[in-house]
Enquirer: 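Dropping the structure in here first, questions after.
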Amino acid sequence: MSWDPDDLTIGGVNTSTQGQNYTATSLVLQPTAAQLQAAGGFVPASVQRDLFLPPNLPSIITTSALAATKGSVSEYDKAVALQDYFRDNDFVYSTQTPLKQGYDGDGAQVIARFLEVKSGYCVHFASAMALMARTIGIPSRVAEGYLPGATNGGTANNPGQYTVTSDDLHAWPELYFAGVGWVAFEPTVGRGTIPSYTRPESQIAPNAPAPQSSSTSQAQRLVPTDPANQRGATGVTASAPLQPVLSGAGVALLIVALLLTPAVLRRIRRRNRLRRLTDEWGGASVAWDELRDTARDLGWAVPDTETPRVFAGRIAEAVADTPGHDAVLRLLAVRERDAFGPPTRATAVGLADDLERVLTALEAQAGRALRLKAALIPVSLIPPTWTPAQSARGSA
């Protein structure tokens, strides 16, 4: 097993999570508004890179940030103003509007369109606030993970059982404050929880529990471990800006998050590819990459030296007598056409449907155990040269 401190993931080759035990110590930031207001000083070089802005940044991002923070003096005031900008200006949460209006994807141009339409989901809200923060000199980044999910209750010694589903996938911005560290904010309307340190103290009753998210994906008995709402979650007072916290519930949640990280990353990769099929020229290569990665996850050998035609032949043989058989041959035809001729957007019309047919047939042929292993331990996240030899299933 190996640990990557940059993206906080645990990985391994030729191993599984079965029977594995982990011990984790969490450092939870629980700043007060006053502490963030007074933050300042040296910003490490490793953080200064989080001020980078892409070239040709659309002007609406900068002008919106300046308008939102007009009159704000400290970095904390500006950060809260940016968060409030999305919650007080008729922005709405929608997963469909970006798809229907053609701005679902990545990049500054997408964020510019989102700011015009004022409709999108958590990635759009988080990315927009992060970019806007950078334009006014505040280092920022976007974090992806899960909302807290639901729990059946528990005690200090027994955290109980947590239920976290794909509906709890979420993204939020984190802004850096010198002397404090990375602090989470929640601009997304209808998701997550507004951090207590961004609300006036007069709005928070003494010893009152933090308000729950309005997200429909969260159950009534939620453990307050939302990354944007740490106050009161562990019972640590806010008299000091940084305090190490180790609790049974926190450790359990951290372990679950670490174990699920590969599955989340793989899901995000597939989702982004499916969106790109109709957004980019030469979408056949995108579909082909997803097909190859899925096959690797399901235990197939997919050598780089293998031609698309040979690979498609193995797939077609494995999914014979299913809709995936003809679908993979159609994908092959488009892939070869794009490889040896100029790619066209017209070839992408049926790619998503055909890709879905092939993936469904492959997963059905693999069986439940392999599908579960593919979901939890997606080897496609690891370069092929790093993985042990796999079964050359379906090969002649």
Side-chain angles (χ1 to χ4, degrees), residues 1 9-20 144-146 149-150 161-170 217 255-277 286-304 306 308 310-332 351-384 386-395:
M1 303 290 288
T9 59
I10 292 177
V13 176
N14 198 27
T15 186
S16 70
T17 58
Q18 185 174 3
Q20 298 281 3
E144 292 183 333
Y146 285 93
Q161 184 178 36
Y162 291 81
T163 300
V164 180
T165 71
S166 59
D167 291 334
D168 295 309
L169 282 169
H170 191 48
S217 67
I255 292 174
V256 171
L258 289 174
L259 295 179
L260 290 178
T261 295
V264 174
L265 295 177
R266 182 66 180 92
R267 182 183 178 91
I268 291 173
R269 175 183 286 183
R270 175 178 286 193
R271 183 181 63 188
N272 289 340
R273 282 173 173 169
L274 292 178
R275 289 173 180 160
R276 289 165 54 199
L277 285 180
V286 177
W288 204 254
D289 288 342
E290 179 58 33
L291 177 56
R292 287 170 57 87
D293 280 356
T294 299
R296 285 188 62 206
D297 291 339
L298 293 172
W300 288 63
V302 187
D304 290 337
E306 186 176 47
V310 173
F311 175 64
R314 291 198 289 132
I315 297 294
E317 181 181 352
V319 299
D321 301 323
T322 73
H325 178 273
D326 292 340
V328 73
L329 297 180
R330 287 192 294 268
L331 287 177
L332 173 65
L351 284 178
D353 290 340
D354 279 340
L355 177 61
E356 184 66 28
R357 294 186 185 98
V358 180
L359 298 184
T360 299
L362 269 180
E363 291 167 351
Q365 181 265 351
R368 180 178 301 178
L370 269 177
R371 289 198 301 271
L372 180 61
K373 181 179 179 181
L376 296 179
I377 314 174
V379 298
S380 60
L381 296 177
I382 306 173
W386 293 7
T387 58
Q390 296 169 295
S391 170
R393 302 173 60 194
S395 62

Enquirer: How far apart are the closest heavy atoms of V302 and R314, and which atoms are they?
Expert: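 Between these two residues, the closest heavy atoms are CA-NH2, 4.3 Å.
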Enquirer: Minimum heavy-atom separation for E290 to L359, with atom names?
Expert: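 Looking at all heavy atoms of both residues, the shortest contact is CG-CD1, 4.2 Å.
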Enquirer: Is the shortest heavy-atom distance from the side chain of L169 to the side chain of V264 under 4.5 Å?
Expert: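 Heavy-atom side-chain distance check passes, below 4.5 Å.
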Enquirer: Using only atom types and a distance under 3.5 Å, with no angle test, would you say the side chain of D297 pairs donor to acceptor with the backbone of S380?
Expert: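 Checked: pair present.
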Enquirer: Could you tell me whether R292 and D289 have a side-chain N and a carboxylate O separated by less than 4.0 Å?
Expert: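 A salt bridge is absent here (no side-chain N lies under 4.0 Å from a carboxylate O).
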Enquirer: For A361 and G324, work out which heavy atoms get closest and say how close.
Expert: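 Shortest heavy-atom separation between A361 and G324 comes out as CB-CA, 4.1 Å.
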Enquirer: Search all heavy atoms of R269 against all heavy atoms of D293 and return the closest pair with its distance.
Expert: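 Distance-wise, the nearest heavy atoms are NH1-OD2, 3.3 Å.
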Enquirer: Of all heavy-atom pairs between A263 and A375, which one has the smallest distance, and what is that distance?
Expert: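 The answer is CB-O, 3.1 Å.
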Enquirer: Just one of T360, D353, D354 clears the side chain to side chain contact (heavy atoms under 4.5 Å, CB included) bar with E356, so which one?
Expert: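 Of T360, D353, D354, side chain to side chain contact (heavy atoms under 4.5 Å, CB included) with E356 is met by T360 alone.
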Enquirer: Rounded to the nearest 0.5 Å, how far apart are OG1 of T294 and CD of E363?
Expert: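 So the OG1 of T294 and the CD of E363 are separated by 6.5 Å.
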Enquirer: Measuring from H325:NE2 to R357:CZ, what's the distance to the nearest 0.5 Å?
Expert: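 Nearest 0.5 Å value for the NE2-CZ distance: 14.5 Å.
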Enquirer: Check whether any side-chain heavy atom of L362 sits under 4.5 Å from a side-chain heavy atom of L291, and report yes or no.
Expert: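 Contact flag for L362/L291 side chains = yes.
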Enquirer: Taking R266 for the side chain and L381 for the main chain, is one N or O donor matched with an acceptor at less than 3.5 Å?
Expert: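 Checking the backbone N and O of L381 against the side chain of R266, no donor-acceptor pair under 3.5 Å is found.
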Enquirer: Got more than 12 heavy atoms from elsewhere within 6.0 Å of CZ, R270?
Expert: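 Check passes, neighbour count above 12.
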Enquirer: Any chance you could measure L332, atom CG, to W288, atom CH2, to the nearest 0.5 Å?
Expert: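 Interatomic distance, L332 CG to W288 CH2, rounded to 0.5 Å: 5.0 Å.
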Enquirer: Check A287 against L331 and note the closest heavy-atom contact, atom names and distance.
Expert: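 Closest pair (atom of A287, atom of L331, distance): CB-CD2, 4.4 Å.
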